[in-house]
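Okay, here's the structure, questions in a sec.
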Amino acid sequence: MGFSTTHLIIFLVIVIVIFGTKKLRNIGSDLGGAVKGFKDGMKDGSDKAADTPPAAPQQVATNATAAQETIDVQAKTKV
(Lines give C-alpha, C1' and ligand atoms only; values in the text may rest on other atoms or scores of the structure.)
Protein backbone atom coordinates (compact mmCIF):
# COMPACT_ATOMS: atom_id res chain seq x y z
CA MET A 1 0.00 0.00 0.00
CA GLY A 2 2.18 2.79 -1.30
CA PHE A 3 1.67 6.17 -2.80
CA SER A 4 1.19 6.31 -6.53
CA THR A 5 2.22 9.22 -8.72
CA THR A 6 -1.40 10.38 -8.78
CA HIS A 7 -1.41 10.72 -4.99
CA LEU A 8 1.84 12.68 -5.06
CA ILE A 9 0.59 15.04 -7.78
CA ILE A 10 -2.63 15.73 -5.86
CA PHE A 11 -0.60 16.36 -2.69
CA LEU A 12 1.71 18.81 -4.51
CA VAL A 13 -1.26 20.68 -6.01
CA ILE A 14 -2.85 21.05 -2.56
CA VAL A 15 0.45 22.31 -1.07
CA ILE A 16 0.87 24.84 -3.90
CA VAL A 17 -2.71 26.08 -3.46
CA ILE A 18 -2.27 26.48 0.31
CA PHE A 19 1.18 28.08 0.38
CA GLY A 20 1.55 29.60 -3.08
CA THR A 21 4.56 29.34 -5.38
CA LYS A 22 6.33 32.44 -4.06
CA LYS A 23 6.29 31.18 -0.47
CA LEU A 24 7.51 27.74 -1.54
CA ARG A 25 10.34 29.32 -3.55
CA ASN A 26 11.39 31.37 -0.52
CA ILE A 27 11.32 28.30 1.73
CA GLY A 28 13.45 26.38 -0.77
CA SER A 29 16.07 29.11 -1.07
CA ASP A 30 16.19 29.59 2.72
CA LEU A 31 16.67 25.86 3.23
CA GLY A 32 19.40 25.75 0.59
CA GLY A 33 21.21 28.68 2.21
CA ALA A 34 21.01 27.02 5.61
CA VAL A 35 22.47 23.77 4.28
CA LYS A 36 25.27 25.67 2.51
CA GLY A 37 26.05 27.63 5.68
CA PHE A 38 26.13 24.42 7.71
CA LYS A 39 28.54 22.78 5.27
CA ASP A 40 30.81 25.84 5.30
CA GLY A 41 30.72 25.91 9.09
CA MET A 42 31.66 22.25 9.31
CA LYS A 43 34.49 22.79 6.82
CA ASP A 44 35.80 25.86 8.70
CA GLY A 45 35.50 24.13 12.06
CA SER A 46 37.60 21.14 11.01
CA ASP A 47 40.31 23.42 9.54
CA LYS A 48 40.51 25.55 12.70
CA ALA A 49 40.68 22.49 14.95
CA ALA A 50 43.65 21.10 13.04
CA ASP A 51 45.56 24.42 13.05
CA THR A 52 45.03 25.43 16.68
CA PRO A 53 47.02 23.76 19.47
CA PRO A 54 45.00 22.42 22.38
CA ALA A 55 44.37 24.84 25.23
CA ALA A 56 46.36 24.47 28.44
CA PRO A 57 44.37 22.89 31.28
CA GLN A 58 43.31 25.18 34.09
CA GLN A 59 45.01 24.77 37.42
CA VAL A 60 43.02 24.27 40.60
CA ALA A 61 43.72 26.77 43.36
CA THR A 62 45.03 25.07 46.50
CA ASN A 63 45.81 28.09 48.64
CA ALA A 64 44.17 28.93 51.97
CA THR A 65 41.88 31.67 50.58
CA ALA A 66 40.29 29.26 48.16
CA ALA A 67 39.66 26.84 51.02
CA GLN A 68 37.97 29.59 53.06
CA GLU A 69 35.64 30.56 50.20
CA THR A 70 34.25 27.07 49.71
CA ILE A 71 31.11 26.03 51.51
CA ASP A 72 31.13 22.75 53.35
CA VAL A 73 27.72 21.18 53.69
CA GLN A 74 27.36 18.21 56.00
CA ALA A 75 24.31 16.00 55.89
CA LYS A 76 22.89 15.14 59.29
CA THR A 77 21.50 11.69 59.79
CA LYS A 78 18.25 11.09 61.66
CA VAL A 79 18.56 9.09 64.86
Side-chain angles (χ1 to χ4, degrees):
M1 181 169 180
F3 293 108
S4 67
T5 54
T6 309
H7 289 107
L8 293 176
I9 291 172
I10 291 172
F11 178 74
L12 287 175
V13 168
I14 291 171
V15 168
I16 289 172
V17 167
I18 291 174
F19 292 109
T21 56
K22 185 176 180 181
K23 187 112 175 166
L24 290 176
R25 192 176 329 126
N26 290 342
I27 291 172
S29 63
D30 290 344
L31 183 63
V35 170
K36 184 178 179 184
F38 178 76
K39 286 182 181 179
D40 290 342
M42 292 298 290
K43 193 182 305 181
D44 290 343
S46 63
D47 292 344
K48 288 179 183 177
D51 294 342
T52 328
Q58 295 180 352
Q59 295 181 355
V60 178
T62 57
N63 57 16
T65 58
Q68 291 174 353
E69 292 175 1
T70 57
I71 300 172
D72 189 18
V73 179
Q74 295 179 353
K76 297 181 181 181
T77 57
K78 291 184 179 181
V79 179

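One-based numbering along the sequence shown. FYI, side chains are in, hydrogens and waters are out, and symmetry mates aren't considered; it's all heavy atoms of this structure.
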Other ILVMFWY residues reachable from Val15 by side-chain steps of under 4.5 Å
Ile10, Phe11, Ile14, Ile16, Ile18, Phe19, Leu24
Which residue pairs satisfy the side-chain hydrogen bond (donor to acceptor under 3.5 Å, both in side chains) criterion with at least one member in residues 7-28, sequence neighbours excluded?
Ser4-His7
Checking Thr6 now: which residues fulfil side-chain hydrogen bond (donor to acceptor under 3.5 Å, both in side chains) with it, not counting sequence neighbours?
none
